[in-house]
Amino acid sequence: MADPKGFMTTPRQDWPRRPVEERVRDWDEVYVPGALLPIITKQADRCMDCGIPFCHEACPLGNLIPEWNDLVSREDWRQAADRLHATNNFPEFTGKLCPAPCEAGCVLAINQPAVTIKNVEAAVAERAWELGFTPPRPPDRLSGRTVAVIGSGPTGLAAAQQLTRAGHTVAVYEKDDRLGGLMRYGIPEFKMEKRHLERRIEQMRAEGTKFRTSTAVGRDVGAAELRTRYDAVVIATGATAWRELDVPGRELAGVQQAMEYLPWANRVCEGELAVSPMSAAGKHVVIVGGGDTGADCLGTAVRERAASVTQLDIYAQPGGERDEDVEPWPTYPKIYRLSAAHEEARDLETAPAANADARLFAASTLRFSGDEDGHVRSLHLVEVDAARRPVQGSERTLPADLVLLALGFSGPDRGDGLVEQLGLEMEPRGTVARDAGFGTNVPGVFAAGDAARGQSLIVWAIAEGRAVAAAVDRYLTGSSRLPAPIGPYDRPMTV
């Protein structure tokens, strides 16, 4: 503990964001470049080095948070990077994208603002790259065993890196033309620039991992054939089967799924296109769904110069403080949070018909109306109570030239035939069934990440990748020294 009084003398200070008027004119990350390092050592000093650090329990990776907080406070970047990478393959991803359940579990958060754990993690990850502390780590010798990993999202990449470093020959199959899964085409550039993804992939290539892009297993290569070619197969395809909204007018043109919309903006940022064919420019946009994907759509539509953007959330607006009776510390509370996208919408007043940050809470979609050409022009909604029952006399109509459905995902997409060709057993909720060792009903085939767990956080995805790698290593060799931070049935802390 570098400063025993740090949590009493130093207030919380977050990584400052760039001015709204500046950042909405580009696709760069929203934070002020270089503004984190000058403040981060004092922020790390706020860590109390608790005897029982609940941040460990709140993080499925079991990150050694007090240890690297202390090292950062002393500016020992090498040791901090070593301790960070001991539990997390990709801390620059989680440092950008994770909602930080560790901060909700911070003991300081009982009655004060939590330690800025996520910012410390991001600072260590970036310094590690700058100072050359992340060299490739190829294995000393090969095992002679082969593994196919299907999917290159955070679960697939984590599993592949762990198995490659254990000495197995690993090939990652990705159906898209570029690697990264939803990190590539679902996460907007302003949340995480893809250079962070590219340098990890290059590190993995240098370690020996092979990548096969534009290859959909089940369509471009048979799933059963792939199983015969490899000693083990890991299914890490994610949960990409989006949830639908069954209301009148859903068939109208301009009513799109969020994941039909977001990838185009990312392809523009990749330089493939000058303008997205689904651009929100000049359109009245309504986003149905109050989660992170909806916020990603909001920030994207703002940058595309939409005429207006409104986001509908079926839940009532939460309070600004934790409700100790419902969600006591150290669980992750549902409180009012202002993301960068909502801050932009608030300052730019993108939704005059909504609350200040473009969100309409306790709002449920009734139907869509269109013009004579079959294109959506308005969305009809109603206010709902806590039981989601319509409130009489509360119907409203919003102009809508583009409606984006951001209602979450139910499980892996069945369109490629992977599930049927392997004969995988499925859970009633649409995910791949697996046993306590991550194994499916097909010998040698394992399932991990959102494909089996269901839609979850990036930190859980990486933890699943590390854990399934240990299970596969044990299957191939009889034992494993790889860490397994979670089991397939573990869940976040709840009441």
Side-chain angles (χ1 to χ4, degrees), residues 20 24-27 185-186 188-190 242-269 272-314 339 341-383 394-408:
V20 167
V24 297
R25 293 197 296 265
D26 59 44
W27 294 89
Y185 288 127
E189 191 83 357
F190 57 82
W242 50 60
R243 294 191 176 98
E244 264 296 347
L245 183 63
D246 187 16
V247 298
R250 170 62 183 90
E251 75 285 352
L252 291 169
V255 182
Q256 309 287 161
Q257 287 285 347
M259 285 309 301
E260 293 176 312
Y261 168 73
L262 289 172
W264 287 115
N266 280 322
R267 290 186 181 277
V268 170
C269 292
E272 296 180 27
L273 304 164
V275 179
S276 164
M278 210 174 286
S279 174
K283 298 176 182 177
H284 296 288
V285 180
V286 180
I287 302 159
V288 182
D292 287 343
T293 302
D296 293 344
C297 292
L298 175 62
T300 300
V302 166
R303 282 162 177 77
E304 290 180 337
R305 303 293 186 269
S308 70
V309 194
T310 308
Q311 184 178 8
L312 308 185
D313 190 332
I314 200 168
S339 72
H342 293 117
E343 181 184 50
E344 292 157 7
R346 178 198 65 189
D347 290 2
L348 298 175
E349 299 180 347
T350 71
N355 296 334
D357 63 4
R359 283 177 282 192
L360 276 176
F361 291 96
S364 178
T365 304
L366 293 175
R367 64 188 183 279
F368 305 112
S369 297
D371 58 21
E372 61 276 9
D373 297 323
H375 196 287
V376 67
R377 293 301 176 209
S378 59
L379 179 148
H380 305 266
L381 62 90
V382 65
E383 184 181 341
S394 65
E395 290 191 24
R396 297 177 57 183
T397 301
L398 298 178
D401 307 310
L402 176 63
V403 176
L404 302 174
L405 306 181
L407 302 171

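Contact between Ser369 and Leu252 at its shortest, heavy atoms only, is C-CD1, 3.6 Å. The shortest non-hydrogen separation linking Cys297 to Leu404 is CB-CD1, 3.9 Å. When all heavy atoms of Asp357 and Arg346 are compared, the pair lying nearest together is CA-CB, 3.9 Å. When all heavy atoms of Ala258 and Pro263 are compared, the pair lying nearest together is O-CD, 4.3 Å. Across all their heavy atoms, Ala358 and Ala351 have their closest contact at CA-CB, 3.7 Å. Taking each heavy atom of Asn266 and Pro188 in turn, the nearest pair found is OD1-CA, 3.7 Å.
The closest donor-acceptor contact from the side chain of Thr350 to the backbone of Val309 lies under 3.5 Å. Judged by distance alone, with hydrogens and angles left aside, the side-chain atoms of Gln257 form a donor-acceptor pair with the main-chain N or O of Arg243 at under 3.5 Å. For the pair Gln256 (side chain) and Leu405 (backbone), a donor-acceptor distance under 3.5 Å is absent. Remark: the backbone N or O of Val255 is paired with a side-chain donor or acceptor of Arg250 at under 3.5 angstrom. Side-chain atoms of Arg305 come within 3.5 Å of backbone atoms of Arg303 as a donor-acceptor pair (strictly under, hydrogens ignored). In this structure a side-chain-to-backbone donor-acceptor pair under 3.5 Å is missing from Glu304 to Ser279.
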*side-chain contact (heavy atoms from CB on, under 4.5 Å) assessment of Trp27 paired with Thr300*: CA-CA 9 Å; Trp27 294 89; Thr300 300; 3.8 Å; yes
*Go through Val247 and Phe368 one step at a time and tell me if the side-chain contact (heavy atoms from CB on, under 4.5 Å) criterion holds.*
CA-CA 8 Å; Val247 298; Phe368 305 112; 3.6 Å; yes
*Run the side-chain contact (heavy atoms from CB on, under 4.5 Å) check on Leu398 and His284 step by step: do they pass?*
CA-CA 9 Å; Leu398 298 178; His284 296 288; over 6 Å; no
*asked:* Under the criterion side-chain contact (heavy atoms from CB on, under 4.5 Å), I'd like the reasoning laid out for Tyr261 against Leu402: C-alpha separation, chi angles, the key distance, then a yes or no.
replied: CA-CA 10 Å; Tyr261 168 73; Leu402 176 63; 4.2 Å; yes
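In this structure the side chain of Phe190 never reaches within 4.5 angstrom of the side chain of Val24, judged on heavy atoms. Inter-residue side-chain proximity for Leu379 and Val288 is flagged as met; some heavy-atom pair is nearer than 4.5 Å. Looking at heavy atoms from C-beta onward, Leu262 lies in side-chain contact with Thr293 at the 4.5 angstrom threshold. Counting only heavy atoms from C-beta outward, the side chains of Arg377 and Asp401 approach each other to under 4.5 Å.
The line from CG of Asp347 to NE2 of His342 is 13.0 Å long, rounded to the nearest 0.5 Å. We find the CZ-OH distance between Arg267 and Tyr185 to be 3.5 Å, quoted to the nearest 0.5 Å. Annotation: the span from Leu381 atom CG to Ser394 atom OG amounts to 8.0 Å, rounded to 0.5 Å. Here CD1 of Ile287 is found 11.5 Å from CG of Leu360. Values are rounded to the nearest 0.5 Å. A distance of 8.5 Å separates CG in Asp296 from OG in Ser339, rounded to the nearest 0.5 Å. Note that the CH2 atom of Trp264 and the CE atom of Met259 stand 12.5 Å from one another [nearest 0.5 Å].
A salt bridge does not link Arg359 to Asp313: none of the charged side-chain nitrogens sits closer than 4.0 Å to a carboxylate oxygen.
The environment of CD in Glu349 is sparse: at most 12 heavy-atom neighbours from other residues, nucleotides or ligands sit within 6.0 Å.
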